[in-house]
Every structure is written in structure tokens, then in C-alpha cells.
Amino acid sequence: MVTDKMLEQALRYLTDPQQEASKARAAAEHMDDLTKTVLARLMLQSDEKSAAAKEMEARADQSYVVHLEQVKACREVDYMWRNRLSAASAIIDMWRTEQSSIRAAEKVR
């Protein structure tokens, strides 16, 4: 059974005035977009001759590794919010089903 508290929390997530879920998604997408830029800048700094060698050096660079950790952190927040919103929608769907069942049972009486 869906409690009032569960329903209220679900509605809070879905109507979040600060738009935390949207901000998390935007941050994750921005970090994904930046990945190519970070890699390109590191490749331009390389003294290697071939493009493959430049890319290997760039991907091994500590600043690229740090960037990837930041991407991971942003994605974790994004996925957390996606999961919360999905769970909130499921809770509201369950509540609707319960309410419909209650109305149907009342008609039978």
C-alpha cells in the first residue's frame, strides 16, 4: 500500500522547483561533451609523431584521468535522479491503481 508520505515524496521529486534532476542531467551531458575537448588539448600538447601515439599519451595523462573521474561523479548523480524519478512515477502509478480498486470495490457494495 502506498502511504501518504510515499506519495508526497514522489510528488516532491516530480515537481522539484530547483530542478535538481535537470541540473544533474545537464552536468553529465556537459562533462561528456568536454571529454573530446580535454583529449584534443592533451593531444595537441604531445610531442609524439603519430595520431595514435598522441592519443595514447593523452589518455594516460593524469588530467584526463581526473576528468574521467569527474564524468563518473556527474553520471552517478544523474543516474541517481533518474532512478528517483522512475521510482516516483511507479509509486504514483501504484497509488492510482489502489484508488481505482477502492472506487471499484465501493461500486460493488
Please list, one pair per line, the donor and acceptor atoms closer than 3.5 Å that link side chains of residues 71-80 to other protein atoms, with sequence neighbours excluded.
residue	atom	partner	partner atom	Å
Arg75	NE	Asp32	OD1	3.2
Arg75	NH2	Asp32	OD1	2.6
Asp78	OD1	Arg25	NE	3.2
Asp78	OD1	Arg82	NE	3.4
Asp78	OD2	Arg82	NE	3.3
Asp78	OD2	Arg82	NH2	3.0

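Distance alone, capped at 3.5 Å, places no donor-acceptor pair between the Lys54 side chain and the Ala40 backbone. A donor-acceptor pair is defined here as one N or O able to donate and one able to accept, closer than 3.5 Å; such a pair exists between the side chain of Thr35 and the backbone of Met31. Under the 3.5 Å distance criterion, the side-chain polar atoms of Ser89 are matched with a main-chain donor or acceptor of Leu85.
Connection of Val38 to Met56 is not established within any shared hydrophobic cluster, with ILVMFWY side chains joined at heavy-atom distances below 4.5 Å, either directly or through further cluster members. Residues Leu68 and Leu42 are members of one and the same hydrophobic cluster, defined by side-chain heavy-atom contacts under 4.5 angstrom among Ile, Leu, Val, Met, Phe, Trp and Tyr.
In the displayed structure, Asp47 atom CG is contacted under 6.0 Å by at most 12 heavy atoms of other residues, nucleotides or ligands. No more than 12 heavy atoms of other residues, nucleotides or ligands sit less than 6.0 Å from atom CZ of Arg96.
Scored by the salt bridge (Lys or Arg N to Asp or Glu O under 4.0 Å) test, Asp16 finds no partners at all (sequence neighbours excluded). Every residue meeting the ring-ring contact (aromatic ring centres under 6.0 Å, His included) condition with Tyr13, not counting sequence neighbours, appears here in chain and number order: Trp81. With sequence neighbours excluded, no residue forms a side-chain hydrogen bond (donor to acceptor under 3.5 Å, both in side chains) with Ser86. Residues passing the side chain to side chain contact (heavy atoms under 4.5 Å, CB included) test with Val65, sequence neighbours excluded: Gln62. For Leu11, the side chain to side chain contact (heavy atoms under 4.5 Å, CB included) partners are Leu7, Ile92, not counting sequence neighbours.
The line from OG of Ser101 to CD of Glu106 is 11.0 Å long, rounded to the nearest 0.5 Å. With values rounded to the nearest 0.5 angstrom, Asp4 atom CG is found 13.0 Å from Gln9 atom CD.
Exactly one of Arg41, Glu57, Arg59 qualifies for a side chain to side chain donor-acceptor pair (under 3.5 Å) with Tyr64. That residue is Arg59.
In this structure, the side chains of Met6 and Thr3 come closer than 4.5 Å at one or more pairs of heavy atoms.
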